[in-house]
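Read the structure below first, then the notes.
Just so it is clear: chains get the letters A, B, ... in the order the sequence lines come, proteins before strands, and each one is counted from 1.
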2 protein chains.
Amino acid sequence: MNEAVVLTPERILEATEDVLRRFGLTKATVVDVARALDVSHGSVYRHFPSKASLRDAVAKRWLDRANEPLCKIAAGDGPAPERLEQWLRTAFTIKQKKVCDDPEMFATYLALAQDAREVVEAYKDKQVDLIAKILSDGVAQGVFEIDNVKATARAVFDATVRYHHPAHAEEWAKPECPGRIDALLALLLKGLRVCKP
Amino acid sequence: MNEAVVLTPERILEATEDVLRRFGLTKATVVDVARALDVSHGSVYRHFPSKASLRDAVAKRWLDRANEPLCKIAAGDGPAPERLEQWLRTAFTIKQKKVCDDPEMFATYLALAQDAREVVEAYKDKQVDLIAKILSDGVAQGVFEIDNVKATARAVFDATVRYHHPAHAEEWAKPECPGRIDALLALLLKGLRVCKP
DNA sequence: TGTCTGACAGATATTGAAATCTGTCAGCGG
DNA sequence: CCGCTGACAGATTTCAATATCTGTCAGACA
């Protein structure tokens with residue numbers, strides 16, 4: 001039982017990402033994954049009940065990795081407005097970078113996410129919680145004026161959908177984008193801040 | 001030359017919409033349109049240089065029709081905040097109604113719009129202009145405080161993308177939607193208003 | 001005893017030949 | 001003369017036969 005050759009979910013996920021990268025979503029099969037691991041495809045089914053669940057797990061891994069830097073920003077303790085702006089800009093940049101660096105792989109993950117609705121929903125909820133954290137910090141700091149933090153966090157998330165939802169990915173590279181992001185963030189931050197007369 | 005049987009672009013568009021409604025986008029052919037009009041398909045090409053241009057024209061008609069009520073609201077003269085809110089809610093409702101009443105036809109028009117990029121772009125610009133009109137009215141009324149009306153109109157459009165862009169249509173029927181729309185509009189209006197100390 | 005294999009049935013995807021469609025144009029008929 | 005027709009070439013789509021894949025399970029193997 002050499003630990004290097006034990007078949008673990010982790011190793012299977014690694015191999016699955018590899019296969020996806022090489023073959024693309026439509027061509028990648030469970031048999032390919034098994035071949036990459038040098039086992040029979042039956043063994044894969046010992047760890048994941050179906051191809052769909054394997055795909056979900058890959059999607060979750062991917063989303064969790066992408067989320068890490070955002071968790072750190074939300075957990076920080078600077079002034080909330082700057083932190084919110086940084087959080088949103090980072091969220092945009094992460095996505096934009098992924099689509100620029102490897103559009104093919106991004107398309108693969110996008111298609112993957114289409115079927116992993118539950119996983120994506122959980123991920124979005126986590127994002128909203130992070131925003132809510134920053135907002136409530138801002139309220140505590142006396143810089144934000146917010147009735148319902150949870151609902152407002154959701155509103156901020158919704159308002160920025162255009163720059164983090166992959167359905168709009170093809171617009172992200174356009175030259176007018178940065179200016180539009182600036183205008184959007186300015187509008188949102190003004191809506192959150194306490195009025196200074 | 002009975003005017004009822006003259007082949008006009010208008011009649012062709014009418015017939016095309018009919019054919020699209022009956023057969024769906026993928027099955028609808030130029031030959032079908034010609035058959036519906038009882039002419040040869042060559043005659044259709046006398047008025048539209050290609051199938052793509054015919055589709056573009058249908059998309060434009062559809063978008064223009066959907067836009068009419070919004071033009072009226074923008075042209076009104078009540079208080080800008082209420083008018084903006086009504087404008088946005090109407091925009092959402094128009095789309096939502098279409099997708100509810102006839103999801104199949106909505107899907108057809110959606111696919112149609114995918115290929116009619118220019119037409120859609122022009123339509124969006126028109127929408128932003130309508131928002132800008134209301135915003136500048138608000139500035140004149142002393143209720144809005146806006147640096148750059150054009151950029152801010154674009155920001156309002158972007159911020160509400162989730163509720164008017166068809167990519168998010170499947171979320172519109174969810175029960176939590178109205179509450180989220182309320183929160184979003186409240187945030188945006190607060191961002192636009194002058195601060196009352 | 002528990003993990004892995006490999007053959008299997010039913011579901012899904014691929015392929016290439018045949019059918020249909022798009023876009024053109026010479027010529028018909030009013 | 002002018003708008004329309006219908007036959008045509010090349011592009012695209014359909015369809016059914018064929019191949020591949022998913023998910024299961026009885027049994028090998030350690």
Using a cutoff of under 3.5 Å, can you pull out all pairs of nitrogen or oxygen atoms linking the protein to nucleotides 12-17 of chain D, with atom names and distances?
none

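Judged by distance alone, the side chains of His165(B) and His165(A) never bring a donor and an acceptor atom under 3.5 Å apart. Using a 3.5 Å distance cut-off with no hydrogens or angles, the side chains of Asp158(A) and Tyr163(B) do pair a donor with an acceptor.
Out of dT22(D), dT22(C), dT5(D), the shortest distance to the side chain of Val30(A) is found at dT22(D). The nucleotide whose nearest atom lies closest to any side-chain atom of His47(B) is, among dC4(D), dT22(C), dG6(C), dC4(D). Side-chain atoms of Ser40(B) lie closest to dG6(D) of the nucleotides dG6(D), dT24(D), dC21(C). With distances taken from any side-chain atom of Val31(B) to the nucleotides dC4(C), dC4(D), dT22(C), the minimum falls on dT22(C). The His41(B) side chain lies nearest to dT22(C) when the options are dG3(D), dG6(C), dT22(C). Among the nucleotides dC4(C), dT5(C), dT22(D), the one closest to the side chain of Val39(A) is dT5(C).
No path of Ile, Leu, Val, Met, Phe, Trp and Tyr side chains, each step under 4.5 Å between heavy atoms, connects Val128(B) with Val161(A), placing them in separate hydrophobic clusters.
Between the CZ atom of Arg46(B) and the P atom of dT22(C) there is a distance of 18 Å, given to the nearest Å. Between the P atom of dA26(D) and the OH atom of Tyr45(A) lies a distance of 18 Å, rounded to the nearest Å.
For the OP1/OP2 pair of dT5(C) and a distance below 4.0 Å, the side-chain nitrogens and oxygens of Ser43(A) include at least one atom meeting the criterion.
Place Arg35(A) and Pro49(A) on DNA chain D by their nearest nucleotides, and Arg35(A) ends up nearer the 5' end.
The stretch residues 50-62 of chain A comes close to DNA chain D through Ser50(A), Lys51(A), each having a heavy atom under 4.0 Å from the strand.
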